[in-house]
Amino acid sequence: MVYHNLKALIKGIRSCKTVADERALIQQESAAIRASFREEDSYARHNNIAKLLYIHMLGSPAHFGQIECLKLVASPRFADKRLGYLGIMLLLDESQEVLTLVTNSLKNDMNHSNMYAVGLALCTFANIASEEMSRDLANEIEKLLGSSNTYIRKKASLCALRVIKKVPDLVDHFTTQAKNLLTDRNHGVLLTAITLATEMVRIDAGVLEEFRNAVPLLVRHLKSLVTTGYSPEHDVSGITDPFLQVKIIRLLRLLGKGDEKASELMNDILAQVATNTDSTKNVGNSILYETVLCVLDIEADSGLRVMAINILGKFLSNRDNNIRYVALNTLNKVVAMDTNAVQRHRNIILDCLRDGDISIRRRALELSYALINEQNVRILVRELLAFLEVADDEFKLNLTTQISLAAERFAPNKRWHIDTVLRFLKLAGNFVREEILSAFIRLVAHTPELQAYTTSKLYTALKSDISQESLTLAATWLIGEYGDIVIEGGLVDEETPKPVSKHPVTAVLLAEILQISDQELVDLILSILDSPYANYLTRQYVLAAITKMASRPTISPSQKERIAGILSQYTTTPELELQQRAVEFASLFNLGELREGVLERMPPPELKATVMGVVSENKPVGSSSGGDLIGLDEATSPTTNGPSASGSHGLIDDLFNTSGSSANAGTSSPAPKSQQSTIDDILGLFGASDTTSPPPATSPLAGLSTAASPPPSAGGADLLASLSISQSRPPAASPPPAAQAPAPPAPASKLTQYTAYDKNSFKITLTPQTSAAKPGVVMILARFQVSGSSSVTGIAFQAAVPKSQQLQMLPMSNSTVNPGATETQQMRVVAPVGGLKYANQSNVRLRLKIRYTIDGQDTEETVDFSGFPPGLTGGA
């Protein structure tokens, strides 16, 4: 059955009972339409195209009607043109060759005497114009922009927008016309003109200055919209043309960014919009939101910025989840701009942590991290810990990391810091990063006043809950090191039954330290082995812990025999790593007094940069009820250039794709004097030139790890071997200092500077220095100088070496280089030596990544430097 018009076809398709019937009908009708196209009947063609477009909208193929649409466009009848252009817009796109045939028809109709025919051509052009068509018809569009007909000017503006998107080089053709359209009083023309101007400013920065002259005109337009009374033609929910207001504010935002003069002109009207717009309706909220973004982007007054942030705070109390989400998202971006203004809304932000929408909880959590400072760290961390108790598992890993970072940066004292870590270890021990656990153990190791307190708290926590992996690891490690302090008798003086401390512990802390028998301590540690939560790593920790406990004099002989029996059982375990540890540890029991020297307490590990920051020694111990924040001084605080340690790791690893490279890292604090000889022995392995100065922290990519590192990773590294390299050798193996003859001083080598980078008046030179006493080690001094009159700020200097070499870096003396000044940074490269075999590998080659800002311009470059002479390391 053939349907003569569209209405009959729609009725026939709707009467089909099954999908198969519908498909059969469409196929039959499509065949009839193809047959009809062979006849030259314009009336039938009109009906057939109408039916074909309906078939196309149902998802069936209709491409065979493209040429027929072109024939309809050429018809003098307006109805045919309208349907033909509709068919072209639906059936064609800019990638099809048939489109080239449309260009001539569009050009003819753009010059048509009927404005509606011109409008059809402009609508079609704005939807399907390709780059080639845009170039061909750009002149026609430019003429129509100056038309006296508002209907045509409005549509021509949209066509010009299409042209500059396809061919950005043609922006200059429309600049003058676009500026003239901004004076139009018709809202439709003004809306499209502002849209065109906004896109032109984004595409070509050169046009920006020309449009900045139109800021007073735009301000007048916006003021007219705000102060105009009821306008039925443009009213939306009681607000006059909110769409035009939003467009004007967006353009003002682009024009005022970075320009104080333009920003000053728009300050008053933005304040007026912010105060007079009704926030009870969604259209009003959209205008307020655009106003906030504009105020935060331009060079606005501080009072106006506070007003903008207060508007966002008001959004947080809105019932609409979308508005609250937008507000939190925006506050996350501006919190660094004015933290104090955002702090005023802290309570309502914390309330959003309890919201039922997971997206809002996530954004509120991110904002809470950014609000933490020295004054509110106790309050916010308490709220975050409360949220941790009820948070979904997907939040916990990031939450524990951020709490640790906040505690490290802003903790008022070490007691509060340790209590905070203990709290989240008990709450989310299975969601704690290895770096956090490592930093916590370093903190305890560097705080002898709190070692007994921390060990006692961990004992109590582990006794009540053995399911938290990180809690188990931390408790096992610390009990193995400091368990003897809390054992009955460890804190008791021989002459008096009152407990006294071996370390300067306050009376408040001493009252909280449990007195535990050695049997209770050993029972708890051994219960981990039988726990269903025990894994390969925890069992390794347990074996190391009980071995160290057995070497303490506070452990009774019966418990030592019990520990020896456990180690003997594990000498035949099928797990190779555990078996090796058990065999090694069991053999230590036959070494007598030497065993106590090997298993003595670890020296405090080296303080180094981690994903969390740097553990500080300068915080007071104090009780958690008081204490001031004592910041890091210059001698112990890390100085970083660019991203944090974790950011540098990912950046360098991604850039150089090598495990033998090293990023800039912070300095480390010197070890205590009592352990200095151990540290000296370790640093001797790396050729340290000065044992009295703090050793530089090694980048995680360089593969260098000192002996005094915190607990091993899940890779199964030997814990005992990581305690102290020098302690694994008998003390008598090294001669006394008096027996060693002093080494003759190395002759001073001539120092030569090599230019590694010299651009934009910024110069970096490298000066290598070697010593015959230490072949394979090259000390490099990088000097940063400015030859122009402008300072270079925000310098981030990163370096990498081949996998066969190792690199260490100290921080820069200053990340800002002023004219006439010289800043420095020291590096050390360790290259393989040993004759011709390593001749090529020993040549020092560096890949440098340099980021800096000069005259407001950010620059980032990567430089390969191999200008040092061959054989510098003595490897040839």
Side-chain angles (χ1 to χ4, degrees), residues 332 335-336 339 342-343 346 349-350 353 361-388 391 394-444 446-447 470-471 474 605 607-619 624 627 629-632 636-651 663-666 668-669 697 700 710:
N332 267 309
V335 65
T339 308
V342 182
Q343 289 282 2
R346 187 178 68 204
I349 291 170
L350 293 176
L353 291 175
R361 293 203 303 273
R362 182 177 288 111
R363 291 292 171 266
L365 201 57
E366 293 173 0
L367 186 54
S368 299
Y369 301 151
L371 291 178
I372 300 176
N373 57 28
E374 294 92 339
Q375 288 74 35
N376 61 23
V377 62
R378 294 176 183 274
I379 299 171
L380 283 180
V381 168
R382 184 170 63 244
E383 291 289 339
L384 292 177
L385 287 171
F387 176 68
L388 181 61
E394 63 180 288
F395 289 106
K396 290 182 178 178
L397 183 63
N398 189 44
L399 193 53
T400 55
T401 302
Q402 293 293 340
I403 293 174
S404 300
L405 178 58
E408 171 53 41
R409 293 180 60 191
F410 305 117
N413 54 66
K414 290 189 176 183
R415 164 77 183 276
W416 183 89
H417 187 177
I418 288 175
D419 285 342
T420 300
V421 178
L422 288 174
R423 176 82 184 276
F424 71 67
L425 283 177
K426 290 188 286 187
L427 292 175
N430 293 322
F431 300 92
V432 177
R433 297 182 189 275
E434 179 190 340
E435 296 91 340
I436 296 171
L437 192 60
S438 175
F440 171 63
I441 290 176
R442 283 201 299 274
L443 172 65
V444 177
H446 279 275
T447 315
S470 293
L471 175 64
L607 296 179
K608 63 179 182 179
T610 65
V611 70
M612 298 173 53
V614 175
V615 177
S616 169
E617 290 188 280
N618 293 328
K619 289 174 185 166
S624 60
L629 178 73
I630 298 181
L632 298 174
T636 58
S637 65
T639 303
T640 57
N641 303 320
S644 63
S646 61
S648 300
H649 185 292
L651 180 65
N664 190 4
S668 58
S669 299

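In this text, all values refer to a predicted model and were calculated from it rather than measured experimentally. By convention here, the first residue in the shown sequence is residue 1.
- When all heavy atoms are compared, the tightest approach of L437 to S470 is CD1-O, 3.6 Å.
- Of the possible polar contacts, none joining the H417 side chain to the R409 backbone as a donor-acceptor pair under 3.5 Å is found.
- Heavy atoms only, all atoms of each residue included: K396 and A391 are closest at CE-O, 3.4 Å.
- The OG1 atom of T447 sits 3.5 Å away from atom NZ of K414, with the distance rounded to the nearest 0.5 Å.
- R423 places none of its side-chain heavy atoms less than 4.5 Å from the side chain of V381.
- Note on R415 versus D419: salt bridge recorded, some NZ/NE/NH1/NH2 to OD/OE distance being below 4.0 Å.
- Atom CD of residue Q402 and atom CG of residue L397 lie 10.5 Å apart, to the nearest 0.5 angstrom.
- Atom CD of residue Q343 and atom CD1 of residue I349 lie 8.0 Å apart, to the nearest 0.5 angstrom.
- When all heavy atoms of W416 and R378 are compared, the pair lying nearest together is CD1-NH1, 3.3 Å.
- When side chains are defined from C-beta on, T400 does not count as touching L427, because their heavy atoms never get closer than 4.5 Å.
- Separation of atoms CG (L425) and OG1 (T420) is listed at 10.5 Å; rounding is to 0.5 Å.
- Between N398 and F431, the closest side-chain pair of non-hydrogen atoms is not below 4.5 Å.
- A side-chain donor-acceptor contact under 3.5 Å links N373 to the backbone of N376.
- In this structure the side chain of V432 never reaches within 4.5 angstrom of the side chain of L471, judged on heavy atoms.
- Across every non-hydrogen atom of R346 and I379, the tightest pair is NH2-CD1, 4.0 Å.
- Under the 4.5 Å side-chain criterion, counting only non-hydrogen atoms from C-beta, S404 is in contact with F424.
- At a threshold of 4.5 Å between non-hydrogen side-chain atoms, the residues L399 and Y369 count as touching.
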Q.
Before you tell me yes or no, could you show the steps for L388 and L385 under side-chain contact (heavy atoms from CB on, under 4.5 Å), namely the whole-Å CA-CA distance, both residues' side-chain angles and the distance that decides it to 0.1 Å?
A. CA-CA 5 Å; L388 181 61; L385 287 171; 4.3 Å; yes
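- Contact detail for A406 and V377: the closest heavy-atom pair is O-CG2, 4.2 Å.
- Smallest separation of non-hydrogen atoms from L422 and F440: CD2-CZ, 4.0 Å.
- The side-chain heavy atoms of L443 and E408, taken from C-beta on, include no pair separated by under 4.5 Å.
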